[in-house]
Amino acid sequence: MPEKKFNDIIMQEASEPIAQWRIGDVIVTKVTETEMLRSITASLPNADIDTVQSTLWLTEQFSLEENHIRFSFHSLIIETASRNILVDTCFGNDKKRPSMDYCSHLNLPFLERLEQAGFTRSSIDTVVCTHFHADHIGWNTTRTETGWEPTFPRARYMFAGKEIDYWADKFHAVPHGTPTDGMTAAFFDSVQPTISAGLVDRVSTDHRICDEVRLLPTPGHTPGHVSVVIESKGEYGLITGDAIHHPCQLVQPRWSSGFDLDSAHAMHARTDILETAIDTHALLIGTHWAGPTAGRVEHDGNAYRLAR
Ligand SMILES: [Zn+2]
């Protein structure tokens, strides 16, 4: 994909689109759709730029560029003894996103890349979306001649009931059923068709999916936001979702994402995840973290850092 610029956003191809980790007997594979550079002030409005730029582990591992920070948009596929679980489905192709030019009408080879990593559409039996923002639900559906169809026809789509209710209420309040914002439009073309196809299991925010994988409620970014806990043979992994948008937030968990709907709850969720990751020595896998994407967390004075 050629680089594309939109105001304070630059969309770029990922340098390492596929990566893999092992947690006990479980394998986690990252398949990247795209990366984005965005200014620190737009991404984390209350972040201190000097602190970010002088934090060595951040600059070394996450290669900050001037006043921009890098985000990755990837799916994480969790392979257990019984399931192939696809966590978050990026922006998707061909979607119209009012007021979000950078992710409108994309044409990216995500499904081809998923196959390269060893996963056909029919090999995915479970889809989990940490929340319903447009960058986490896009590949739930693909455009066909008859409309939006589920991309993974053999999968159960496991969605938190709280998240479904929040976005369904917003969608139903839209006059004439034509959303004028990208996030509500996303519910219409990327969630509603999976519900209509009868593929959705409405679950609690602490739902256990199988022996090795369960959801962890981390509300704040959105009301029904979940993170994902992996446990196998005494080893732990933790997928952040957008509770931790960027590793900068380890330096100061108070720094909220501009997309957090409830920043106080989001900060509590962030701190809980970081403490849980330390307690269980979990591999913390970032949903939007570029570069190494994953690492072990340790205390750093009153804050946190990733171990080298
Ligand atoms: Zn996101």
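Each ligand, and each atom within it, is numbered from 1 in the order the structure gives.
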Query raised in the report: Near the Zn ion (ligand 1), is there an N/O/S atom from His133 that is less than 2.8 Å away?
Result: no
Query raised in the report: From the Zn ion (ligand 1) out to just under 2.8 Å, does an N/O/S atom of Asp88 turn up?
Result: no
Query raised in the report: Among Arg70, His74, Gln12, whose side chain to side chain donor-acceptor pair (under 3.5 Å) with Glu35 holds?
Result: Arg70
Query raised in the report: Do you know which N/O/S atom name in His288 is closest to the Zn ion (ligand 1)?
Result: NE2
Report task. Find, among atoms of Asp135 that are N, O or S, the one nearest to the Zn ion (ligand 1), and state its name. Result -> OD2
**Report entry** N, O or S atom of His131 closer to the Zn ion (ligand 1) than 2.8 Å
**Finding:** no
**Report entry** Pairing of Asp125 and Arg156 as salt bridge, 4.0 angstrom limit
**Finding:** no
Query raised in the report: Relative to the ring of His221, is the ring of His133 parallel (under 30°), tilted (30 to 60°) or perpendicular (over 60°)?
Result: perpendicular
Requested in this report: Give the atom name of whichever N/O/S atom in Asp242 sits closest to the Zn ion (ligand 1).
Outcome: OD2
Query raised in the report: Should Asp135 and Arg97 count as an ion pair when the cut-off is N to O under 4.0 Å?
Result: no
Report task. Answer yes when Arg305 and Glu60 have at least one side-chain N-carboxylate O distance shorter than 4.0 Å, and no when they do not. Result -> no
